[in-house]
**Student:** 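Before I ask anything, let me first share the structure, which is written out below as structure tokens.
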Protein chains: 2
Amino acid sequence: MLLETASRPAEPSFETYSGASSAGRARETHSLEQLLQNWPLQRRRVHAKQHVFRAGQPRHALYLVHAGFFKTALISEDGREKITGFRMRGDLLGLDSLDMPTYTCDAIALDTGELWELPYAQLRDEMPQFQERITALLAGEIRRDWGWMLALGTLGADQRVVTFLFDLASRLERLGFSPSHLQLRMTRAELGNFLSLTLETVTRVLSRLQARGLIAVAGREIRIQNRAGLQTVLRENTACH
Amino acid sequence: MLLETASRPAEPSFETYSGASSAGRARETHSLEQLLQNWPLQRRRVHAKQHVFRAGQPRHALYLVHAGFFKTALISEDGREKITGFRMRGDLLGLDSLDMPTYTCDAIALDTGELWELPYAQLRDEMPQFQERITALLAGEIRRDWGWMLALGTLGADQRVVTFLFDLASRLERLGFSPSHLQLRMTRAELGNFLSLTLETVTRVLSRLQARGLIAVAGREIRIQNRAGLQTVLRENTACH
DNA sequence: CGTCACCTTGACGATGATCAAATTGTGTGG
DNA sequence: CCACACAATTTGATCATCGTCAAGGTGACG
């Protein structure tokens, strides 16, 4: 697989990509969520379309996604927008501005969700493994970004979409969800923005993949029906390069 | 300016983007190079086309570029290659694999150069400001990557090239070089790879900009002749989005 | 002086963007 | 609960940008 995710919480649930359920089998003991389980953290509920923070606002915390689905996005002075990633349980919001006085991107909820507010300075000083985790998460974000730069720079439209589906599936699987039944939380436009495609192209690719029997599309609900077939798509010749 | 550089050493020189010269006016006291000035570091000389490390090799150090010009690149299993960045004095090589047992990208010298080998664990434990610097450099790399994702995803060919020229100019200026006289150290193919363009398109854009009197191109030597004019190019409508 | 890598320029074509229009889905107020 | 407005999705037709292929030029180095 091309891309990786930095975090791997447990405790699956459904309908909101959260973790309210019970039958959680916690395997990876070093996730941030595990570390912080009985730390007195400020929690914050957000609902869809709400900004967690905006670029330029004073940075006062790092947020750990505990439930819900988020996007982070840059907006340039001249209005161009770019979604830099979709964040789910176990991911952090605000990592990119750790060394800055203000946030450097927007973080927006696509869903109802819950965030844990991490007091960075305090945790760094009082919890020995914390700094190490943060370093790993930062480096992991760089690797993930580079992976996407590779994908977006060298793959055609179909292959980008398939790469995205595989990435999402694997992240969901780590959270304990089915890797073949994907409930998208973003619009076609947002997906296209992230993949550097237009929303029409995203739609067309999905229709094309459905026509080939590789996936089943029903709005934002996507079922992966032929994983091997999708991997074949990735091998098909790219126009670029 | 769209992009930033995490490091800002002093002591300009010429002909190799290094720092052998003397008349250095050290302003920013918190650069890594400053911090490490009289630390007993292993130094390593490299020459053009030599690999500093390759993806998969055991990671044994972090490298601080002291002189020369480098590229870092990813290569996917199926042979697609992507240059993730060009690195010069004050930049670090290997940041992305800080938490890994092996390197996750290739680092290749485009020039003769000198690297300082940083023993990460030791410095982290013995030098108080070190960890903080590393965190800042990691976060800065993320911001830079996101900036390029925005540029590559939303700008046309001409604008990408101009953005690159401005970025390079500003980095060179911080090192004490002229921001209008650029000596490229990479081929058109490498530049195109980084910008997700073909080498022909890069050539064509440079020719076009020269024809408009905005720059003067002589092989890898580029002179910026009309900075304001180039900024105008950035305002010209992009096809994409 | 010849070879090789790199660069430049041209002609052509394909991928994906743009524009347009119709359909479906969603939330809100009556 | 329905009707309405609006957001999101789908599909089609057309076109521009940039990739591909080809050929010639330039420069470096043995």
Side-chain angles (χ1 to χ4, degrees), chain A residues 47-50 71 80-81 83 108 110-112 151-164 182-211 215-222 233 236-241, chain B residues 47-49 71 80-82 108 110-112 151-162 164 182-211 215-222 233 236-241:
Chain A
H47 50 268
K49 301 187 182 180
Q50 188 179 341
K71 68 174 177 181
R80 288 171 294 124
E81 179 175 355
I83 294 174
I108 300 150
L110 299 177
D111 226 1
T112 321
L152 302 187
T154 60
L155 298 178
D158 293 25
Q159 298 160 318
R160 291 185 206 180
V161 172
V162 172
T163 300
F164 176 83
L182 313 179
Q183 193 60 246
L184 302 189
R185 293 289 141 92
M186 73 292 286
T187 66
R188 299 286 191 263
E190 288 166 329
L191 188 39
N193 180 297
F194 179 67
L195 295 176
S196 292
L197 298 171
T198 57
L199 67 100
E200 293 97 328
T201 300
V202 172
T203 287
R204 267 185 263 269
V205 170
L206 290 175
S207 301
R208 214 176 295 156
L209 295 174
Q210 184 173 36
I215 62 177
V217 183
R220 298 195 185 174
E221 185 179 338
I222 296 184
V233 174
E236 286 165 9
N237 240 2
T238 315
C240 326
H241 232 300
Chain B
H47 51 268
K49 300 185 182 180
K71 67 173 177 182
R80 289 171 294 124
E81 179 176 354
K82 173 76 179 183
I108 299 150
L110 298 178
D111 226 0
T112 321
L152 302 186
T154 60
L155 298 179
D158 292 25
Q159 299 161 316
R160 290 186 208 179
V161 172
V162 171
F164 176 83
L182 313 178
Q183 194 60 247
L184 302 189
R185 293 290 141 92
M186 74 291 287
T187 67
R188 299 285 190 264
E190 287 167 327
L191 189 39
N193 180 296
F194 178 66
L195 296 176
S196 292
L197 299 170
T198 57
L199 67 100
E200 293 96 329
T201 300
V202 172
T203 287
R204 268 186 262 268
V205 170
L206 290 175
S207 301
R208 215 175 296 156
L209 295 175
Q210 185 174 37
I215 61 176
V217 182
R220 298 195 184 174
E221 186 179 337
I222 296 183
V233 174
E236 286 164 7
N237 241 2
T238 315
C240 327
H241 234 302

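Chain letters run A, B, ... following the sequence lines, proteins first, then strands; residues in each count from 1. If you're wondering where the values come from, they're calculated on a predicted model, not measured in any experiment.
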**Student:** Could you state the CG-P distance from B/Leu209 to C/dT9, rounded to the nearest angstrom?
**Tutor:** 12 Å
**Student:** Can you tell me how far P of C/dT15 sits from CG of A/Leu152, to the nearest Å?
**Tutor:** 18 Å
**Student:** Are the side chains of A/Leu152 and B/Leu152 in contact, using a 4.5 Å heavy-atom criterion?
**Tutor:** no
**Student:** Could you walk me through whether A/Leu110 and A/Glu190 pass the side chain to side chain contact (heavy atoms under 4.5 Å, CB included) test, one step at a time?
**Tutor:** CA-CA 10 Å; A/Leu110 299 177; A/Glu190 288 166 329; 3.6 Å; yes
**Student:** By the definition side chain to side chain contact (heavy atoms under 4.5 Å, CB included), identify the one residue from B/Thr203, B/Asn193, B/Thr198, B/Thr201 that meets it with B/Arg188.
**Tutor:** B/Thr203
**Student:** To the nearest Å, how far apart are B/Leu197 CG and C/dG16 P?
**Tutor:** 15 Å
**Student:** Taking CZ from B/Arg185 and P from C/dC6, how many angstroms apart are they, rounded to a whole number?
**Tutor:** 16 Å
**Student:** Which pair of non-hydrogen atoms, one from A/Arg160 and one from A/Leu195, has the smallest distance, and what is that distance?
**Tutor:** NH1-O, 2.9 Å
**Student:** Is any side-chain heavy atom of B/Thr187 closer than 4.5 Å to one of B/Arg220?
**Tutor:** yes
**Student:** Check nucleotides 23-25 of chain C for protein N or O atoms closer than 3.5 Å to its own N or O atoms and list the pairs.
**Tutor:**
none

**Student:** Starting at the 5' end of nucleotides 4-11 of chain D, put B wherever the base has a protein heavy atom under 4.0 Å, S where only the sugar-phosphate does, and a dash everywhere else.
**Tutor:** ----SSBB
**Student:** Whole Å only: how far is the CD atom of B/Gln159 from the C1' atom of D/dT17?
**Tutor:** 12 Å
**Student:** B/Arg208 CZ to C/dT9 C1': how many Å, rounded?
**Tutor:** 12 Å
**Student:** Flag the pair A/Leu197 / A/Val161 as yes when at least one side-chain heavy-atom distance between them is below 4.5 Å, and no otherwise.
**Tutor:** yes
**Student:** Using a 4.5 Å cut-off on heavy atoms from C-beta on, say whether the side chain of B/Lys71 contacts that of B/Met186.
**Tutor:** no
**Student:** Is any side-chain heavy atom of A/Asp158 closer than 4.5 Å to a side-chain heavy atom of A/Arg208?
**Tutor:** yes
**Student:** Roughly, in whole Å, what's the span from CD1 in B/Ile215 to C1' in C/dT8?
**Tutor:** 14 Å
